[in-house]
Amino acid sequence: MPPTYPLRATCTMNRRTFLAGATSFAAAALMANRSWGTAVNRPPLSGYPFTLGLASGDPLPDGFVLWTRLAPKPLQPEGGMPPEPVHVDWQVASDERMTRVVQRGTAIARAEWAHSVHVEVQGLEPDRWYWYQFKVGTEVSGIGRTRTAPPFDALPERLRFAFVSCQKYQDGYFTAFDHLARQDNDVIVHLGDYIYEGKAHKFDVPGREVPAHKCATLEDYRLRYSLYKTDPALQAAHAVAPWILTWDDHEVSNDYAGDHDEHPDRFPQEAFLRRRAAAYQAYYEHQPLRTANLPHGPDMLLYRRLEYGQLASFHVLDTRQYRTVQPQGGGRKPPSPALMDPKGTLMGDRQRAWLFDGLAKSRAKWNAITQQVVMARIDEQPGPDVLLGMDKWAGYEFERRRLLRYFHDAKVRNPVVLSGDIHCNWANDLIADFDDLDSRSVATELVGTSITSDGDGGEKTAKSDAVLAENPFVKFFNNERGFVRCEVTPDHWRADFQTVPYVSRRGAPLLTRATFQVESGRPELLRA
Ligand code: FE
Ligand code: CA
């Protein structure tokens with residue numbers, strides 16, 4: 001379906017293009033200077049400050065968070081900003097030309113937070129589109145579109161959203177985001193690996209080079225976000241809908257677990273927690289998150305719940321910050337009694353109690369467990385040997401069984417697990433007992449592929465047919481890049497696996513490789 005909203009004119013964050021593409025609006029906005037209020041603290045800037053675009057997120061029935069960060073020179077330390085605080089005006093309008101302004105205010109961008117702003121707008125109407133814009137001095141940002149959630153007691157007819165993950169910059173072009181920016185989704189969900197902390201490789205795609213060292217300091221992480229955020233396709237996808245984000249490992253360090261780095265010899269606990277604090281701060285500075293999520297040193301509360309009336313609840317998990325170390329040294333390992341260690345956890349006790357409580361109390365028709373790593377116990381090794389991913393739920397078998405049993409025992413309505421991390425598409429029935437392949441399915445799992453990570457793919461891998469044959473609860477596999485688009489109604493959940501056949505060149509088309517449906521009350525993926 002075409003967008004209802006002139007994307008190109010309003011979402012391109014280059015000022016010259018913006019002014020050229022929306023002259024009448026820009027002129028009106030500049031003439032309407034008086035309507036923008038009278039904030040004063042505006043030191044001279046070294047250039048257009050909105051080079052990183054804008055974003056909105058975490059919608060409630062009466063508002064959302066608006067985000068931007070001032071960075072006239074985005075790839076330089078401090079973003080080319082002076083150390084002083086800067087007043088940033090914002091406006092929310094009920095029309096795309098920003099003529100009917102319904103709220104406005106001024107936020108303060110401070111150097112301590114990389115001159116980012118996080119505006120928590122309240123008091124708006126539920127379940128409708130809004131448009132927003134920032135201004136510093138005479139510099140105006142592009143216009144973003146966002147949407148409030150439906151009222152808590154409403155049962156909306158449908159929710160349309162897409163979920164994405166894993167956007168390694170050096171692995172390809174964000175063509176999937178170009179396509180996503182042209183779709184009409186009420187919300188976009190990100191399951192982590194928004195950045196990759198690693199260094200450049202010789203096989204990086206031309207024009208997609210990253211620095212030659214790994215991120216370890218606050219400045220490193222800030223510059224990495226700046227690089228990613230300068231991508232026009234990513235900016236366009238942020239500008240069309242609110243996002244709900246959670247992180248995985250690469251926002252900090254590959255396969256980290258709690259306070260444990262993958263290479264504890266290089267980052268012993270204390271050094272790793274300093275690194276984690278820097279990474280979490282940079283994450284907060286670059287995402288549309290609420291004050292409730294502000295980092296405190298190496299800690300940042302990111303698990304939370306977003307509700308779309310009584311239609312769907314997103315139980316957003318953080319399976320990195322509180323997890324215990326991967327058993328058996330991580331990687332892919334055969335099954336072992338270590339996987340049933342009751343102390344092994346991905347969620348931690350508090351988050352698990354919060355999740356169970358929220359699932360028991362949920363009034364939603366559909367409960368989306370919005371998280372990072374694959375939950376189905378997939379044997380990744382063709383032939384009689386069994387290899388399981390220790391970084392995934394399979395490495396935390398005790399807790400995985402506990403959660404699946406809870407879905408059943410607490411009569412959780414329509415649990416659908418959303419996963420990322422492994423850079424390929426899977427559709428899995430979550431059966432009650434993976435040692436008994438005939439056991440009934442208690443939930444379903446949609447695993448979305450990467451935006452770019454691992455580069456050009458293909459529909460299959462060398463061993464995917466054999467893996468499918470050994471794991472009959474897997475209904476679909478695909479190894480291309482892309483995202484999963486969902487349409488949720490009270491009776492059905494429909495998922496389209498949408499892919500781009502290549503990312504090493506620009507301009508790939510968007511293909512729908514498979515469509516699955518789940519009927520309410522029947523936890524089973526049906527090919528549509
Ligand atoms: Fe990834
Ligand atoms: Ca096997």
Side-chain angles (χ1 to χ4, degrees), residues 162-177 180 188-201 203-205 208 210 214-215 221 224-225 227-229 231 233-234 237 243-257 261-263 276 279-280 282-283 286-287 302 316-321 323 326 330-332 346 370-376 378 380 389-395 417-426 445-458 461 477-484 497 499-500 503-504:
F163 68 93
V164 303
S165 63
C166 295
Q167 51 197 51
K168 196 186 258 188
Y169 189 86
Q170 59 267 43
D171 278 6
Y173 298 105
F174 289 167
T175 314
F177 279 133
L180 191 53
I188 292 169
V189 175
H190 198 294
L191 302 180
D193 289 1
Y194 191 99
I195 60 158
Y196 282 72
E197 84 291 3
K199 59 190 178 201
H201 291 283
F203 46 82
D204 290 356
V205 168
R208 305 291 285 181
V210 301
K214 272 190 188 184
C215 294
Y221 286 107
R224 195 61 58 98
Y225 281 98
L227 176 65
Y228 278 62
K229 289 272 191 184
D231 186 281
L234 178 58
W243 285 37
I244 297 170
L245 296 115
T246 185
W247 54 34
D248 194 21
D249 53 337
H250 286 287
E251 282 86 350
V252 182
S253 174
N254 181 54
D255 280 6
Y256 85 92
D261 190 83
E262 186 188 24
H263 300 291
R276 195 176 94 173
Y280 285 5
Y283 185 81
H286 291 85
Q287 303 299 10
L302 195 59
V316 182
L317 304 190
D318 170 359
T319 62
R320 285 291 161 191
Q321 190 173 182
R323 74 154 77 188
Q326 295 84 351
R332 285 171 196 181
L346 278 180
T370 307
Q371 55 96 48
Q372 294 78 21
V373 291
V374 172
M375 193 173 287
I378 298 170
E380 301 178 31
M390 295 295 102
D391 189 60
K392 308 172 179 55
W393 283 88
V417 177
L418 306 181
S419 314
D421 171 57
I422 46 167
H423 313 163
C424 37
N425 287 306
W426 305 72
E445 177 177 36
L446 300 167
V447 184
T449 189
S450 62
I451 291 290
T452 51
S453 304
D454 289 342
D456 294 343
T461 67
F477 172 86
N478 164 282
N479 186 39
E480 293 169 314
R481 310 287 75 86
F483 55 85
V484 182
F497 287 91
T499 69
V500 286
V503 293
S504 60

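One-based numbering, in listed order, for ligands and for the atoms of each.
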Taking only residues two or more places apart in sequence or in another chain, which ones pass ring pair (Phe, Tyr, Trp, His ring centres under 6.0 Å) with Tyr221? none

Please confirm whether Trp247 and Tyr283 have ring centers closer than 6.0 angstrom. yes

Closer than 2.8 Å to the Fe ion (ligand 1) - protein N, O or S atoms, ordered by chain and residue number: Cys166 SG, Asp193 OD2, Tyr196 OH, His423 NE2

With distance as the sole test, does Glu480 use its side chain to make a donor-acceptor pair with the main-chain N or O of Gly457 at under 3.5 Å? no

For Asp391, what residues pass the salt bridge (Lys or Arg N to Asp or Glu O under 4.0 Å) criterion, not counting sequence neighbours? Arg320, Arg323

Tyr173 versus Thr452: any side-chain heavy-atom pair under 4.5 Å? no

Those residues at least two apart in sequence (or on a different chain) that pass salt bridge (Lys or Arg N to Asp or Glu O under 4.0 Å) with Asp261 are Arg275

